[in-house]
Amino acid sequence: MSEKKESLNFIEQIIEEDIASGKHGGRVHTRFPPEPNGYLHIGHAKAICINFELAAKYGGKTNLRFDDTNPITEDTEYVEAIKKDIQWLGFQWEGEALFASDYFDQMYHFAIDLIKKGLAYVDDSTPEMIAEMKGTPTVQGKNSPFRDRTIEENLTLFEGMKNGEFPDGSRVLRAKVDMTSPNMLMRDPVMYRIKHAHHHRTGNQWVIYPMYDFAHGQSDSIEHITHSLCSLEFRHHRPLYDWFIQQLEIFPSRQIEFARMNVAYMITSKRRLLKLVQENYVTGWDDPRMPTISGMRRRGYPAEALRVFCDKVGVAKRDNLIEVELLESCVRDVLNRDSERAMVVLNPVKLVITNYPDGKCEKLSVEINPEKPELGHREVDFSREIFIEREDFMEDAPRKFFRLSPGRDVRLKHAYIIHCNSLEKDEEGNVTEIHCSYYPDSRSGNDTSGVKPKGTLHWVNAGSAKKCIVRNYDRLFTIPEPTVDDGQDFLKFYNEESLVVNDKALIEPYLLRQDVGKSFQFLRQGYYCVDADSNDETMIFNLSVSLKEGWKPGY
RNA sequence: UGACCUAUGGUGUAAUUGGCAACACAUCUGAUUUUGGUUCAGACAUUCUAGGUUCGAGUCCUAGUAGGUCAACCA
C-alpha cells in the first residue's frame with residue numbers, strides 16, 4: 001500500500017505538535033461560538049466545518065456555545081435557527097448547547113479576583129472621555145484619573161454596579177493593563193458595562209454584562225477548550241485573551257486565527273444582510289439568493305456540497321476571494337450524482353409530428369438517473385403533439401447549431417428521431433408551430449434507422465403537460481466585491497435580474513406533488529428543487545445551479 | 001505617524017521543512033456521449049522586488065514594495 005503523505009493546514013500542524021508534546025494529554029476540544037443576533041451564513045459554514053471536522057479528525061469534541069453577552073441585540077429566535085442550520089450541515093455538538101450567559105456568575109467572581117489583585121478598577125469617566133484617553137493607534141493613551149482607586153473602593157463600586165445602583169453608561173469596570181501599549185486592546189479594556197436590559201436567558205437578573213474580551217476567553221477556559229479558532233480580525237485580541245487567562249490562573253485555552261472566507265458576489269456582513277431583508281431586496285433570510293445557510297438550503301444546495309466546498313477552500317492566513325464557480329462546481333457534483341432527471345420545457349413552442357397517428361399515446365421508458373442505474377426507469381407519455389424549447393429551434397441556423405432547423409434531424413430524448421419539414425409563424429414573425437416527421441424505426445433503445453443526428457432535445461407531451469412556476473436565480477450583486485469601496489451604497493450593485501420568475505414552463509405530470517426540497521435535474525438545463533411555496537395547484541421550482549454550457553447560441 | 005498579519009498560475013490551497021513547483025476550480029484543445037451534461041486525455045507559473053548564503057532557495061538572511069487589521073460601554 002502506497003502511503004501518500006497528507007498535507008496539513010497550519011492549524012492541523014499546531015494540533016499535531018500539541019498532541020506530540022502531550023499538551024492537555026493529547027486532548028482536542030473546539031467550539032463554535034455564534035452570537036444569537038442573526039442568521040448563519042457561508043462564512044459561518046466554514047468556521048463550523050473547521051471546528052467540527054478538526055475535532056473529529058483528532059478524536060475530540062466540539063461545543064456549541066452561544067456568545068450571548070449583549071442582551072439588546074440577541075434573541076432566542078436566532079438560537080433555534082442557528083441550531084437547525086448546524087444540524088442540517090451535518091454536525092452535532094457535544095452535549096447540550098451552551099451559553100456564555102451560563103457563566104455570568106463565574107465571570108463576576110473572576111472580575112472580583114482581578115480587582116483584588118489590583119488588576120481591575122471602576123472608571124467613572126464618560127464613554128467620550130474613555131475614548132479620548134485611549135489615544136489612537138499612533139498616539140499613546142493616558143491613564144484614567146480613576147485608575148488608582150483602592151481595592152476596597154473598587155470592590156464596593158463594582159458591587160454597586162451589579163446591584164443596579166448606577167444608571168447605564170455611568171461606570172465601567174476596566175482591566176488595568178497598559179495605556180501606552182501599541183495594541184489598542186491592551187489600553188485598559190472595558191470588562192463590564194451597565195445595561196438595564198432584558199436578557200433572552202437570564203431575564204432581569206443582571207444589569208452588568210461582560211464585554212467580549214472578558215467573556216469569550218473565560219468561557220473557553222471554563223469549558224476547557226484546547227484550541228479556540230477564530231478569524232484574523234481577532235489577532236490583536238490574543239495578547240489580552242492570554243493576559244486574562246494568565247492573571248486569573250485558569251485553564252489555558254489557546255486562540256488561533258485563520259482567514260475568513262470571502263466569496264465573490266456575496267456579502268457576509270450581518271448588518272448588510274439585515275438591510276437586504278428589511279428593505280425587501282430579498283424575501284427573507286432564507287431567500288434562495290441569500291448567502292445564508294438557510295438561503296442556500298432553500299436554493300437546493302446540498303449540505304454535502306457546502307462541506308466539500310469548505311474543505312476545498314482550505315485554511316490559511318491570507319485574505320482571499322473565492323470564485324463562486326468553485327461553490328457551484330461542488331453543488332453540481334453532488335446534484336449530478338444524486339438527483340433524478342426530468343424533462344421540463346421552460347420556454348415552450350408546439351411541435352407536431354405529422355406522420356404520427358392522431359390519438360396514439362406511447363409509454364416510453366426513461367432512466368431516473370444515469371449516474372445510478374440501479375434506480376431503474378419510469379414511464380413518460382409520447383404522442384403526436386409535444387412541446388420543445390423555443391431556443392432549440394432556429395429557422396436559419398448556423399452550422400454549429402446541433403438542434404432543430406428546417407431540413408435537419410434531431411433526436412427526441414428517450415423517443416424518436418424527427419425531421420423538420422416546415423413551420424408556422426404569427427404576424428410578428430414568431431414561430432408558433434413546428435411540423436416534423438418521425439422515423440418509426442428510430443425508437444430509443446431499438447433504433448435501426450441508421451440516422452445519426454447531432455443533437456438531442458428534451459420535450460414534454462402536449463396532452464399531459466402541466467404548468468408550473470420556475471424561479472431562476474442569479475448572483476445577488478453585479479460585481480464580485482460589492483462592498484470594496486466601503487460605501488453603504490453596496491445596494492447600487494444589487495442585481496435587478498437576480499430573480500426572474502417564469503410562469504409558462506411545462507412539466508411532465510411526474511413532477512407534480514413532489515416533496516419540498518427535493519432536487520431534480522431538468523435535462524439539458526440545470527438543477528432545480530421544489531420550493532416550500534408549492535401547492536397542489538402549482539409546483540414551484542427554484543434554480544439551484546444551471547448545467548455547464550458547452551455551447552452558447554450567438555444571438 | 002506606530003504595532004501586528006499576509007504575499008506561490010485567472011482563483012483557492014499544497015510543496016515530506018533547503019532537493020524536479022503539486023492538486024482543485026476556471027479557461028482553451030481533443031476523445032467519448034441518445035443531456036452541447038457526465039466521463040476521459042492534453043495545454044496553461046519569471047513563487048511580490050532587489051541583493052545575499054548555498055552544489056542547490058518558494059523555503060534561510062538583509063533591504064524594500066504591496067495588501068490587510070487595530071482607535072464600539074459590538075462580537
Side-chain angles (χ1 to χ4, degrees), chain A residues 4-9 13 33-35 37 67-70 72-74 100 123 125-127 130-132 134-141 168-174 181-185 187 189-195 208-209 211-213 215-216 230 232-239 257 259 261 264 270 309 311-330 332-333 336-337 341 343 370-371 400-403 410-415 417 442 444-445 447 452-458 521-526 546-553:
Chain A
K4 197 175 158 191
K5 182 80 183 183
E6 178 205 13
S7 71
L8 303 175
N9 65 48
Q13 286 174 21
E35 184 186 13
N37 70 344
D67 226 339
D68 56 347
T69 58
N70 186 4
I72 56 177
T73 59
E74 297 154 5
D123 196 332
S125 309
T126 63
I130 289 179
E132 172 72 28
K134 208 157 217 170
T136 71
T138 55
V139 177
Q140 290 192 349
D168 287 5
S170 59
R171 286 184 165 86
V172 290
L173 182 72
R174 298 177 73 178
S181 172
N183 181 347
M184 297 292 291
L185 288 154
R187 322 241 261 230
V190 173
M191 294 166 59
Y192 268 93
R193 74 287 211 184
I194 303 171
K195 275 181 195 282
I208 55 170
Y209 291 93
M211 298 285 291
Y212 168 83
D213 287 301
H216 199 101
C230 62
L232 244 35
E233 311 90 271
F234 292 95
R235 172 64 186 85
H236 302 281
H237 293 252
R238 196 165 80 213
E257 312 88 16
M261 174 171 72
K270 280 184 188 173
F309 172 65
D311 289 345
K312 286 191 174 181
V313 158
V315 183
K317 297 181 77 167
R318 62 183 100 123
D319 294 329
N320 57 75
L321 182 65
I322 318 287
E323 296 176 330
V324 274
E325 285 82 356
L326 179 60
L327 210 207
E328 293 177 341
S329 159
C330 295
R332 281 193 194 100
D333 228 38
N336 175 56
R337 185 195 66 200
R341 312 289 130 126
M343 294 200 287
E371 303 291 320
K400 295 280 282 280
F401 187 78
F402 296 160
R403 309 174 189 186
V410 81
R411 157 76 63 184
L412 291 175
K413 182 73 178 174
H414 300 126
I417 297 171
S442 69
S444 189
D447 177 3
K452 297 290 174 201
K454 278 268 178 58
T456 301
L457 308 188
H458 61 278
Q521 185 197 103
F522 290 0
L523 233 51
R524 302 207 302 133
Q525 304 193 116
S546 65
L547 251 29
K548 283 181 70 175
E549 285 183 83
W551 182 83
K552 288 178 177 62

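Quantities reported herein were computed from a predicted structural model and do not represent experimental measurements. In what follows, chains are A, B, ... by sequence order, proteins preceding strands, each numbered from 1.
Looking at heavy-atom distances under 4.0 Å, A/Leu321 makes contact with sugar-phosphate atoms alone, never a base. Within 4.0 Å of A/Gln13, counting heavy atoms only, lies at least one base atom of the nucleic acid. Residue A/Ser181 is out of contact with every strand shown, counting any heavy-atom pair closer than 4.0 Å. When heavy atoms are screened at a 4.0 angstrom cut-off, A/Val313 is found touching the sugar-phosphate backbone but no base atom. Note on A/Thr126: a base of the nucleic acid sits closer than 4.0 angstrom, heavy atoms only. No contact: A/Ser170 has no heavy atom under 4.0 Å from any strand. A/Glu35 comes within 4.0 angstrom of sugar-phosphate atoms only, judged by non-hydrogen atoms across all strands, and of no base. As judged by a 4.0 angstrom heavy-atom cut-off over every strand, A/Met211 is placed among residues touching the sugar-phosphate backbone only. Within 4.0 Å of A/Phe234, counting heavy atoms only, lies at least one base atom of the nucleic acid. Within the nucleic acid shown, A/Asp67 comes within 4.0 Å of sugar-phosphate atoms alone, with no base atom in reach, counting heavy atoms only. Among the heavy atoms of the strands lying under 4.0 Å from A/Val315 are primed sugar atoms or P, OP1, OP2 only; no base atom is included.
Atom CZ in A/Arg318 sits roughly 11 Å away from atom C1' in B/rG58 (whole-Å rounding). When rounded to the nearest whole Å, the span between CG of A/Asp311 and P of B/rC25 equals 15 Å. When the P atom of B/rA71 is taken as reference, atom CD1 of A/Ile130 falls 15 Å away, rounded to whole Å. Atom CG of A/Asn320 is separated from atom P of B/rG68 by 14 Å (rounded to the nearest Å). Regarding A/Leu232, its CG atom lies at a distance of 13 Å from the C1' atom of B/rA7, rounded to whole Å. The separation between A/Arg193 atom CZ and B/rC74 atom P is 4 Å, rounded to whole Å. Remark: C1' of B/rC23 and NZ of A/Lys312 are 10 Å apart, rounded to the nearest angstrom. Rounded to whole Å, atom P of B/rA24 lies 19 Å from atom CG of A/Leu327.
Residue A/Thr136 has no polar side-chain atom (N or O) positioned under 4.0 Å from OP1 or OP2 of B/rG2. OP1 or OP2 of B/rC74 lies within a sub-4.0 Å distance of a side-chain N or O belonging to A/Lys195.
Side chain of A/Asp68 to main chain of A/Ala100: a donor-acceptor pair is present (N/O by atom type, distance under 3.5 Å, no hydrogens or angles). Side-chain atoms of A/Arg187 come within 3.5 Å of backbone atoms of A/Thr136 as a donor-acceptor pair (strictly under, hydrogens ignored). A distance-only check finds no donor-acceptor pair linking the side chain of A/Arg193 to the backbone of A/Gly169 [under 3.5 Å]. The backbone N or O of A/His236 sits less than 3.5 Å from a side-chain atom of A/Asn183, completing a donor-acceptor pair.
To the nearest whole angstrom, the two P atoms, one in B/rU33 and one in B/rU13, are 40 Å apart. With P as the reference atom, B/rU59 and B/rU35 are 50 Å apart, rounded to whole Å. B/rG37 and B/rG30 have their P atoms separated by 13 Å, with the value rounded to a whole Å. With both ends at atom C1', the span from B/rG9 to B/rA71 equals 39 Å, rounded to whole Å. Nucleotides B/rA72 and B/rG18 place their P atoms 43 Å apart, quoted to the nearest Å. Rounded to whole Å, the P atom of B/rG67 lies 31 Å from the corresponding atom of B/rA26. Comparing B/rU11 with B/rU47, their C1' atoms are spaced 16 Å from each other, to the whole Å. The C1' atoms of B/rC61 and B/rU69 are separated by 27 Å, rounded to the nearest whole Å.
Using N1 to N3 plus N6-O4 or O6-N4 for Watson-Crick, or N1-O2 and O6-N3 for G-U wobble, each under 3.5 Å, B/rG58 pairs with nothing. In this entry B/rC23 has B/rG12 as its Watson-Crick or G-U wobble partner, both defining distances falling under 3.5 Å. For B/rA66, the paired nucleotide is B/rU6, the pair qualifying as Watson-Crick or G-U wobble because both relevant distances are below 3.5 Å. Summarising the base pairing, B/rC73 is matched to no nucleotide, lacking a Watson-Crick or G-U wobble pair whose two defining distances lie under 3.5 Å. The partner of B/rG30, taking Watson-Crick or G-U wobble pairs whose two distances both stay under 3.5 Å, is B/rC40.
A/His216 and A/Phe234 have their aromatic ring centers separated by at least 6.0 angstrom.
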* **Working for side chain to side chain contact (heavy atoms under 4.5 Å, CB included), residues A/Leu326 and A/Val313** => CA-CA 9 Å; A/Leu326 179 60; A/Val313 158; 4.1 Å; yes
* Could you walk me through whether A/Lys413 and A/Arg524 pass the side chain to side chain contact (heavy atoms under 4.5 Å, CB included) check? -> CA-CA 10 Å; A/Lys413 182 73 178 174; A/Arg524 302 207 302 133; over 6 Å; no
* Asked: side chain to side chain contact (heavy atoms under 4.5 Å, CB included) between A/Ser444 and A/Arg411: does it pass, once the steps are laid out?
  -> CA-CA 9 Å; A/Ser444 189; A/Arg411 157 76 63 184; 4.1 Å; yes
* **Stepwise side chain to side chain contact (heavy atoms under 4.5 Å, CB included) check, A/Val172 with A/Met211** => CA-CA 10 Å; A/Val172 290; A/Met211 298 285 291; over 6 Å; no
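Positionally, the nearest nucleotide of RNA chain B for A/Lys317 lies more toward the 5' end than for the other of A/Ala131 and A/Lys317. Nearest-nucleotide positions on RNA chain B for A/Gly314 and A/Pro182 put A/Pro182 closer to the 5' end.
Contact annotation: side chain of A/His237 to base of B/rA75, donor-acceptor pair present below 3.5 Å.
Proximity note for A/Ala316 (side chain, C-beta onward) versus B/rA71, B/rC74, B/rA14: the nearest is B/rA14. Of the candidates B/rC70, B/rG12, B/rA24, B/rC70 carries the atom nearest the A/Pro137 side chain, counting heavy atoms from C-beta on. Comparing B/rA75, B/rA26, B/rA3 by their nearest atom to the side chain of A/Tyr212 picks out B/rA75. Here B/rC25 is the nucleotide among B/rG2, B/rC25, B/rA15 with the atom lying nearest to any side-chain atom of A/Glu323.
Its glycosidic angle being more than 90° from 0, B/rU49 falls on the anti side.
Nearest heavy atom pair, residue A/Ser442 against residue A/Ile417, reads OG-N, 2.8 Å.
Side-chain contact between A/Leu185 and A/Pro239 is absent, with no heavy-atom pair separated by less than 4.5 Å.
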* **Protein proximity profile, nucleotides 27-49 of chain B - base contact B, sugar-phosphate-only contact S, no contact -, cut-off 4.0 Å on heavy atoms** => -------BBBBS-----------
